[in-house]
Amino acid sequence: MTDTQRSEGGTPVVVRFAPSPTGYLHIGGARTALFNWLYARGRGGKYLLRIEDTDRERNNPEAVAAILDGLTWLGLEWDGEPVSQFSRAARHREVAEALLAQGGAYRCYLTPTEIDAMRKQAEAEKRPLTIRSPWRERDPAEAPQGAPFAVRLKAPREGETVVEDHVQGRVVFQNKELDDLIILRSDGNPTYNLAVVVDDHDIGITHVIRGVDHLTNAARQTQIYRGMGWDVPEWAHVPLIHGADGAKLSKRHGAQGVEEYRAMGYLPAALRNYLVRLGWSHGDDEIMSTEQLVQWFDIDGINKSAARFDFKKLDDLNGHYLRQTPDAELLAAIQAMLPHLDFAALRALAVDPKAPARSDVALAHEAASQVPGAATGADLARLFAAKGWDALGAALPSLKERAKTLAELISQALFLVAGRPISLDDKATKLMDADARAILTAIVPRLAAAEEWNPSALEALVRGYAEETGTKLGKVAQPLRSALTGRTVSPPVFDVMSVLGRDETLARLTDQAR
RNA sequence: GUCCCUAUCGUCCAGAGGCCCAGGACGUGGCCCUUUCAAGGCCAAAACACGGGUUCGAAUCCCGUUAGGGACGCCA
């Protein structure tokens, strides 16, 4: 019965993602874009991008760029050129005029003050406000000469408007609950609802996939489609994403824009995988490749209930993807993200104490203690470059095994570029007692004489020392770790020595041995 | 307030009348592995909001209650 099935038969699917330029790509919008993208890609359809910028106050190029940037990073490339809705205003006006000419709309001379009064009165009487403009029936000739007017749709007042939705099901709105919406403002500019309908119709959108917050707009827009005698597209209004407390996602929940997720070091594939599982599933599958998603995704399988955003689960997923990513690719990702980090700004970030800990903020703090000279990610990048990116590359296999995000991974890699003498944190300092120093002193000459400098040779050497002296390996490894990294937690200590190189290793050990 | 939507472990999902004394994943606790931390393996605790129906049989269908959420702009 569904048109989805019909589309599978032949009608090409055309969908669009239509964000308004708010300055960043909202994480919820990102999921909407993902659903659209998946649906189009899975059916050989088109996925277009339109910027809803009819509100001129909101227009600014950087805001648009931020959205395009976010989509590109997420891997949700659109087909064709992005369309500015504002640029099509003349066509929107043309449709409004057509509606006016055929009696489907009328000029309304109600002033803002009058509407305000109606609103106040409705509030006082505790009844919902539905504007009933007298100008719907009144002769426009009665209007004061040259008075400004808005154009309202002459919506049906009886009966109902039905939205047949692929996610929400059949949603019925009583027409008496809906008022005559304005399609042209008194300054002659089209409003959102008109613009959307005209644009979607003109480019042949077959499926409108967007947030449920647009559900009532779907009813209103249906009335415009009917007024023009146009076909109504298939609807799919997906539930919203909420914060951990169940309220609408906002700044205090951690992060809203995808660029923040990028800064924390989430991988696009992991974020996509996480996002798609919010409201949609394929049996018990959790980790799904993009190919599988494209093949399996369907709008009829989307849930109706809102989901809460859970960083822990995202972290877990990201860890999986991190471990799977080839080192060269990971290195490139790190190099790409580093310039986005401003440690001072991150440290100053006022984060809600109840919000989840951010790994980029943690990194900023770690950087302050381990590489105080680096104020930004770019500085850090220079340090890694000076040391040789190869060193980081060599450390990646053991590093990626223990990180959830790129920021966390970098935190753990900081020991590589820390200047001597490195600073030990409290636990490492405590561990570095007389016994520990003695062990270091004893082992330095052995390491200096090592024939080979690689993890397994070093491990054999240190194990040999431990056995000879009847010491548990941990007793030897922990002081080494602390002296080398300044922390009691790090990648395997033999890997650390290996990537640090003989000279640096011996120098750091000697620093602590005395 | 009015209209609309939702309601399965703490969280995300599975479940489309008997396969369910409810399954998976994250998180949590324990054990194993182990040079730290992870990763991995094993085990455990943990839910059908409540009340009525319908039915031989309901997590699944219907009604109500309660609790969430969304929409009510000459914003998008």
_Side chain of A:Lys304, heavy atoms from C-beta onward: which of B:C5, B:U11, B:G24 has the nearest atom to it?_
B:C5
*A:Val172 or A:Pro19: which one's nearest nucleotide on RNA chain B is closer to the 5' end?*
A:Val172
*Determine, stepwise, if the pair A:Ser490 / A:Gln412 fulfils side chain to side chain donor-acceptor pair (under 3.5 Å).*
CA-CA 7 Å; A:Ser490 83; A:Gln412 292 167 4; over 6 Å; no
_Say we look at B:G24 and B:U6: how far apart would their C1' atoms be, to the nearest angstrom?_
23 Å
*Are A:Ile443 and A:Leu480 side-chain neighbours, meaning at least one heavy-atom pair lies under 4.5 Å?*
yes
*asked:* Using atom C1' in both nucleotides, what's the gap between B:G69 and B:C63 to the nearest angstrom?
replied: 22 Å
*Give one of base, sugar-phosphate or nothing for A:Leu110, where a contact means two heavy atoms less than 4.0 Å apart.*
base
*If we take the P atom in both B:A49 and B:A14, what is their distance in whole Å?*
15 Å
_5' precedence on RNA chain B between A:Gln168 and A:Thr191 (nearest-nucleotide basis)_ = A:Gln168
*Euclidean distance for P, B:A76 against B:A16 (whole angstrom)*: 44 Å
*A:Asn193 and side chain to side chain donor-acceptor pair (under 3.5 Å): which partner among A:His214, A:Gln221, A:Arg220?*
A:Gln221
_As a test of reading the structure: which of B:C26, B:C3, B:C74 is closest to the side chain of A:Ser186, going by heavy atoms?_
B:C74
*Within this structure, what is the CZ-to-P distance between A:Arg152 and B:C74, rounded to whole angstrom?*
6 Å
_With a 3.5 Å limit on both atom pairs, tell me what B:U6 is paired to, counting Watson-Crick and G-U wobble, or say none._
B:A67
*Nucleotide opposite B:A25 in a Watson-Crick or G-U pair, distances under 3.5 Å*: B:U11
*asked:* I need the CG-P distance between A:Asp315 and B:C12, as an integer number of Å.
replied: 16 Å
*asked:* Within the structure provided, determine whether A:Leu406 and A:Leu322 are in side-chain contact (heavy-atom separation under 4.5 Å).
replied: yes
_Of the listed nucleotides (B:C74, B:A76, B:C13), which one gets closest to any side-chain atom of A:His214?_
B:A76
*Who is the Watson-Crick or G-U wobble partner of B:A76, with both distances under 3.5 Å?*
none
*Hey, are the side chains of A:His92 and A:Gln85 touching, using non-hydrogen atoms and a 4.5 Å cut-off?*
yes
*Centre of A:Phe149's six-membered ring, under 6.0 Å away, within 45 degrees of the axis: is that where NZ or CZ of A:Arg107 sits?*
yes
*asked:* Under the criterion side-chain contact (heavy atoms from CB on, under 4.5 Å), I'd like the reasoning laid out for A:Asp315 against A:Glu408: C-alpha separation, chi angles, the key distance, then a yes or no.
replied: CA-CA 11 Å; A:Asp315 283 348; A:Glu408 207 176 296; 5.8 Å; no
_My understanding is that a pair needs two contacts under 3.5 Å, Watson-Crick or G-U wobble. By that rule, which nucleotide pairs with B:G17?_
none
_I need the CG-C1' distance between A:Asn193 and B:G73, as an integer number of Å._
11 Å
*What interatomic distance, in whole Å, is found between P of B:G68 and the corresponding atom of B:G15?*
28 Å
*Partner of B:C48 by Watson-Crick or G-U wobble geometry, both contacts under 3.5 Å, or none?*
none
_A:Gln85 side chain, from C-beta outward: closest of B:G24, B:A76, B:C12_ = B:A76
*Quick one: are A:Arg157 and A:Arg132 in side-chain contact, heavy atoms under 4.5 Å?*
yes
*Quantified in whole Å, what is the C1' atom distance between nucleotide B:G17 and nucleotide B:C62?*
14 Å
_Can you list, in residue-number order, the parts of residues 237-246 of chain A that come under 4.0 Å of RNA chain B, counting heavy atoms only?_
A:Leu240, A:His242, A:Gly246
_Does A:Asp179 reach a base, just sugar-phosphate, or nothing at all? Heavy atoms under 4.0 Å._
nothing
*Who pairs with B:A59 - Watson-Crick or G-U, where each distance is under 3.5 Å*: none
*Could you run down nucleotides 32-47 of chain B 5' to 3' and tag each one B, S or - for protein heavy-atom contact under 4.0 Å?*
---BBBBSS-------
_A:Leu317 CG - B:G24 C1' separation (whole Å)_ = 14 Å
*Using a heavy-atom cut-off of under 4.0 Å over every strand shown, decide if A:Gly279 touches base, sugar-phosphate, or nothing.*
sugar-phosphate
*asked:* Measuring only between side-chain heavy atoms, which start at C-beta, is A:Tyr39 closer than 4.5 Å to A:His207?
replied: yes
_Base partner of B:U34, which must satisfy Watson-Crick or wobble distances under 3.5 Å_ = none
*asked:* Just by distance, no angles: are the side chains of A:Arg93 and A:Asn189 close enough, under 3.5 Å, to form a donor-acceptor pair?
replied: yes
_Donor-acceptor pair under 3.5 Å, A:Asn217 side chain vs B:A76 base_ = yes
_Nearest-Å distance for atom pair NE2/P, residues A:His26 and B:A76_ = 19 Å
*State which residues pass side chain to side chain contact (heavy atoms under 4.5 Å, CB included) with A:Pro479; sequence neighbours excluded, sorted by chain then number.*
A:Leu431, A:Ala436, A:Leu440
_Using whole Å, what does the distance between atom P of nucleotide B:C13 and atom CG of A:Leu275 come to?_
12 Å
*Taking atom P in both B:C21 and B:A7, what distance in whole Å separates the two?*
22 Å
*asked:* If I pick the C1' atom on B:A47 and the same atom on B:G30, what distance separates them, to the nearest angstrom?
replied: 22 Å
*For the pair made of CZ in A:Arg308 and P in B:A25, what is the distance, rounded to whole Å?*
22 Å
*Atom-pair distance (CG on A:Asp187; C1' on B:C74), nearest Å*: 8 Å
*Between B:C3, B:A71, B:A25, which one does the side chain of A:Asp213 approach most closely?*
B:A71
*Any chance the side chains of A:Glu177 and A:Thr130 put a donor and an acceptor closer than 3.5 Å?*
no
